[in-house]
Amino acid sequence: MTPTSRTLARVPVWPLFVAVAFAAVALTALVMIENQKLLGAALVITAAVCFCAARFGGVAATEVAASENPWLLRGLLTLASLAVIFVLRDDNFGLLMLATVLIYATICLGLTVQMGYAGLTNFAAAAFAGTGGYTAAMLGQQGGLPDALVLVCGGLVAVLIGSLLILPVLRTRGHYGALTTMAFGVMFNVFLDANDFFGGPQGLKLPGINLFGWDFTNDIHIFGLMLSSYVNYVILTGILTALAMIFVGLLDRSWIGVWFDVVRLDETAASVFGLKIAYWKVLAFTLGNFLAGLMGAVYAKMTGFIAPANFTFGDSLVMVSIVILGGIGNRWGVLPAALIVVLLPEKLQFIQEYRLIFYAVLVIAILTMRPDGLVARRVRKLHTEASA
Amino acid sequence: MGMIGQHLLNGLMQGTIYGLVAMGFTIFFGVMNVIKFSHGDVLTLGAFGGLVAVWAANALGLSVPLQFIVALCVAMALTAVVGAGISHFLIMPLRNAPPLNMLLMTMMVGTAIREAIRLFFPNGTNPQRFPELLPAGGFNIGPSFFRTDAIILIIAGAASIGAVYWIINHSKFGLAMRAVAEDTETARVMGIDFGRIIPLTFALGSITAGFAGMIYALYYSEINYSMGLLLAVIGFTAAIVGGLGNIWGAIIGGYLFAGLQTFVVAAMPSMSDYKNVFAFVLIIVLITWRPTGLLAERGSERV
């Protein structure tokens, strides 16, 4: 950085502390509270605080503070995550839900690269996650492979299967492109349902994760404290989400992100400028599918069971709606959106039976009222403050 | 070889249903450039509306042909109202949003309809038996047996496709519709009531879904809340394979998809569970070969 003549006033960092602390408390409360009336009250308070924060500039202040102090943000988020895990240490169901939210969020980060950055419509995210899950199940039956490799293989096989779709994905655009992935998603399901080798509709069982000799099915004992075995999964998925988040952020901030933007916004212009459109589309498709496959394998290992019914076209729709709800192309948006779509229906008992209709109406409402999603994507700033 | 007749009839029947559904997609896309993915669930809604109408008509003691007419009218009226309502309240306000948002929104409308039927229709989770309203029986030609009701339904379906084609190409309303599709701004300047034509267009497209729903219900004698989803995916596929915005393309696509399915069932009975897999694989190959459909839209790309 070259020193600028104009020194920026130091932005206050306290909004960042307040925001992270509030998020941690709200998250813990939402997971822990069982009483439906209390839960409703907590939800209303959370929504009200978020609304006020957005209305009176708190969100903007937090964003500025976060972008000025990235390491502080990362540190605070780590601390807050550890605090949430500590409070929820023996709540199996809550931890399982948290890990599920993180898995969905990470798959949606992959979708963000595909749909938000490169503009590739993918209505088969659940099918790619399922590919990863089935890979883990099949490799688990053979035995012998270390689990770290099994998880990576899940991602790689999803990429491999995805590469069969590369040609149609590259050649088609818009609705025609949506069709190819949609057809693949439906096909994946029909195929597995009919196929006895992969367990048919009943699916397959698979053992939990054992990473580098650490068995994830065991409870953890440290300093006389007993932590539920699901803490393992929350930490693993948390780390994977954080890595994906950092990676996607770097991607967006690099020239690759700019090229993705050009390819998405105007293919004709991109090819006029000499960009190899196919190259960048393949890269985005591959990265997204890898994340989906990897997290699908983790999900299958965590629940110990995999069946075609877990990876339907409807689930792909849920993932696409998370990306759009969060604000397409904004990687931070997927976290609250995944939380709303995955956690709320599980927690609110009275909407459990009605959860599909609930979230269909929710998505319709948000699309009508906030077409850019909860956290809208910022316009890229390619110049520094000083030159502005 | 006695099965050939059955396969042919079955394929024609399914092709008619797919073609009708695909035609709806084409109409919506042609006029508003949107994919209305709730189309399949509007179809389901029409079939359930028809079922309720049959129950009511039966309770009133109407004769079977009257029950049939009442059910058909109710199914079509219901889908027309729902289609127009969706376009007026959800699609029109969002018409400048990105296509992806619109696609997702209509998918969610479909999910809402589907779930509403499952939750609020009595015993909605289970398949419902649809009474047989058409004359039973049939006749043999050589070793093949042909069901009378199937032949009636195929003729009715083909006639309705012809009727919609006539409305679009030879009626005043169709002219207004095509004008809006060609250039919305100019059409408005020329005095076409945009706010009226669009809901009417969606009503027309949705009526075809209601009709297809009734054909489905009468042929298979069983309807369930989720039947619209696969029909929507297949109808969308058919419309795309034919080339969006082209009515003939949609119909060709519908019969093509049904033909592929029937071929798999007829040629490899042991693989019939995989008939949709084969059909979708071939469709993906087709779309790779012709990325904008078999009968591509006219016009060049605006840069």
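Order of the sequence lines fixes the chain letters, A, B, ..., with proteins taken first and strands second; residue numbering starts at 1 for each chain.
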Centroid separation [X] to [Y] less than 6.0 Å:
X        : Y        : answer
B:Phe48  : B:Phe121 : yes
B:Phe280 : B:Phe257 : yes
B:His39  : B:Phe28  : yes
B:Tyr216 : B:Tyr220 : yes

Can you tell me which portion of [X] sits under 4.5 Å from chain B's heavy atoms? Options are side chain, backbone, both or neither.
X        : value
A:Leu165 : side chain
A:Ser321 : both
A:Phe313 : side chain
A:Val190 : both
A:Tyr354 : both

Using non-hydrogen atoms only, which part of [X] is less than 4.5 Å away from chain A: side chain, backbone, both, or neither?
X        : result
B:Arg118 : side chain
B:Leu103 : side chain
B:Phe25  : neither
B:Val285 : neither
B:Ile234 : neither
B:Phe37  : side chain

Keeping [X] on the side-chain end and [Y] on the backbone end, is there a donor-acceptor pair under 3.5 Å?
X        : Y        : value
A:Arg331 : A:Val248 : no
B:Thr44  : B:Gly40  : yes
A:Asn289 : A:Thr286 : no

Quiz item: Applying the side-chain contact (heavy atoms from CB on, under 4.5 Å) test to A:Ile357, which of B:Ile113, B:Leu119, B:Thr111 qualifies?
Solution: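 That would be B:Leu119.
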